[in-house]
Amino acid sequence: MSSLPPPPDIVRSAYAALVVTSLPEARRFWVDLLGFVVTDEDASSLYLRGYDELTHHNLILRSGPVAAAGALGFRVRSVADLSRAEEFYGALGCRTERVPAGFARGQGETVRAEDPLGFLVEFFAASAHPERLQQRYDLRRGAEVARLDHFNICVPDVPVAYEHYKSLGFGLSETIEDGRTLYAAWMYRKQTVHDVAFTGGAGPRLHHLGFFAHEPHSVLRMCDILGSLSLESCIERGPGRHGVSNAFYVYLRDPDGHRLEVYTSDYYTGDPDHPVLRWSVLDPRRRDFWGNAVIPSWYSEASAVLDLDGKPRPVIDIAQTAEVTVGADGFTVPAE
Ligand code: XXG
Ligand code: FE2
């Protein structure tokens, strides 16, 4: 790894693109019910952001024939980091492409790459700044989502994903493991628990997008809204308290099955000697601090991802022991 050129200076995970099969249905879910703010739109796309977001978008919804996850977007420190991204991924033998400002609305020049894990990643430095809405309490609706916080990705080999993101300068905050296997890991660039997390499973697939809300009542209110509209089947897991990250969370599925998490109350990781928190795979509190079992769909279902040409990436089966077969989720009896 020492022969790799320096990685781009990544600030944070910033946006994701999802292909949805019905833009009107997606708008109803993401805008009307969840309360995302529409920054911009055209006939086939919606550009959405949370109430705290000061860049143009956290989520791009594009209309397409088959539901899939497009790019995972990372903000980099400066324009010089775009060349670093090209050189870094080029040295890894990955396809890259540099696209001009405006390729995505409100976004500066962008470097796109097919990363070694099979995901489409995008790097941008410059963004348009929409109106500041942090204190427009009068506008807030739904889950009152503040911003995108993290990507959770399904990877067949968690240690390989960990090494790749380590080489990009990400810190490790928490793991799920035992003496033999690393089942899951949470890694960060900004000073929170994560910008990216890995779930062991068939991949590359997008497991979920994690969105931060300020208040626990936003998580609960979202569930009440969905219940009132007989949309309770959109609530997949939770509400609950994670062991990992300490977040108060709920997982929802959009009309195309894309998974998102709305959560609050994770913690600061910015000290240089921040210790890694390692959870035993046999600890029933690791994924839900109150010991509620994780439902099987949460481990098995995820969104297909696209390559640079917009084609679905082939999915490779899990290459390690599956957490669901050994973890204390109620499917197996934990060892004494
Ligand atoms: O953001 C997260 C998660 O990756 O969605 C999952 C924090 C914790 C967890 S876990 O299910 O491990 O508690
Ligand atoms: Fe998450």
Side-chain angles (χ1 to χ4, degrees), residues 12-14 16 18 34 50 58-59 69 72 143 145-155 158 161-162 165 170-178 181-201 203 205-213 216 218-219 222 235-254 258-269 276-303 322-324 326-331:
R12 61 170 170 131
S13 51
L18 296 177
L34 274 163
N58 293 134
L59 182 63
L72 307 178
V145 163
R147 58 180 166 77
L148 176 80
D149 181 79
H150 59 266
F151 310 124
N152 189 309
I153 58 176
C154 293
V155 294
V158 173
Y162 164 74
Y165 274 90
F170 282 62
L172 178 66
S173 57
E174 304 203 24
T175 66
I176 294 175
E177 56 184 80
D178 59 20
T181 305
L182 179 63
Y183 296 94
W186 285 259
M187 300 187 78
Y188 61 95
R189 283 294 296 173
K190 69 179 172 345
Q191 299 179 342
T192 62
V193 174
H194 55 321
D195 287 284
V196 66
F198 317 120
T199 300
R205 293 180 302 159
L206 175 67
H207 188 276
H208 69 264
L209 302 175
F211 293 97
F212 177 81
S218 306
V219 172
M222 196 58 236
I235 305 171
E236 185 188 31
R237 177 184 160 199
R241 169 81 63 194
H242 284 309
V244 171
S245 84
N246 193 48
F248 181 69
Y249 71 90
V250 68
Y251 294 94
L252 307 177
R253 305 291 289 270
D254 88 347
H258 296 304
R259 183 184 290 109
L260 72 140
E261 176 183 26
V262 180
Y263 85 92
T264 189
S265 72
D266 55 351
Y267 60 86
Y268 169 75
T269 54
V276 178
L277 182 51
R278 297 180 187 276
W279 291 83
S280 162
V281 73
L282 298 178
D283 190 333
R285 300 170 309 158
R286 73 199 188 293
R287 286 197 179 273
D288 185 285
F289 200 55
W290 307 329
N292 287 316
V294 177
I295 69 162
S297 64
W298 191 90
Y299 280 115
S300 60
E301 295 176 11
S303 301
E323 180 182 342
V324 68
V326 291
D329 291 311
F331 311 123

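Order of listing sets the numbers, starting from 1, for every ligand and every atom in it.
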*Residue among Trp186, Trp279, Tyr188 satisfying side chain to side chain donor-acceptor pair (under 3.5 Å) with Glu174*: Trp279
Present, as a list of atom pairs with distances to 0.1 Å, all nitrogen or oxygen contacts under 3.5 Å between ligand 1 and the protein.
| residue | atom | partner | partner atom | Å |
| --- | --- | --- | --- | --- |
| ligand 1 | 1 (O) | His150 | NE2 | 3.1 |
| ligand 1 | 1 (O) | His194 | NE2 | 2.9 |
| ligand 1 | 1 (O) | Glu261 | OE1 | 3.1 |
| ligand 1 | 4 (O) | Asn152 | ND2 | 3.0 |
| ligand 1 | 4 (O) | Trp186 | NE1 | 2.9 |
| ligand 1 | 5 (O) | His208 | NE2 | 3.0 |
| ligand 1 | 5 (O) | Tyr251 | OH | 2.4 |
| ligand 1 | 5 (O) | Glu261 | OE1 | 3.0 |
| ligand 1 | 11 (O) | Arg237 | NH1 | 3.3 |
| ligand 1 | 11 (O) | Arg237 | NH2 | 3.3 |
| ligand 1 | 11 (O) | His242 | ND1 | 3.4 |
| ligand 1 | 11 (O) | Arg287 | NH1 | 3.1 |
| ligand 1 | 12 (O) | Arg287 | NH1 | 2.9 |
| ligand 1 | 13 (O) | His242 | ND1 | 2.7 |
| ligand 1 | 13 (O) | Arg286 | O | 3.3 |
| ligand 1 | 13 (O) | Arg287 | O | 3.1 |

Side chains of [X] and [Y]: do they bring a donor and an acceptor to under 3.5 Å?
| X | Y | result |
| --- | --- | --- |
| Asn152 | Thr199 | yes |
| Ser265 | Arg241 | yes |
| Asp149 | Tyr263 | yes |
| Ser297 | Glu236 | yes |

*Evaluate side chain to side chain contact (heavy atoms under 4.5 Å, CB included) for Tyr162 paired with Phe170, printing each intermediate quantity in order.*
CA-CA 9 Å; Tyr162 164 74; Phe170 282 62; over 6 Å; no
*Sort by chain and number the protein N/O/S atoms found under 2.8 Å from the Fe ion (ligand 2).*
His150 NE2, His208 NE2, Glu261 OE1
*Roughly how far, to the nearest 0.5 Å, is the OG atom of Ser280 from the CZ atom of Arg286?*
8.0 Å
*Spacing of CG belonging to Asn292 relative to CZ belonging to Arg287, to within rounding of 0.5 Å*: 14.5 Å
*Quick one: are the ring centres of Tyr251 and His208 less than 6.0 Å apart?*
yes
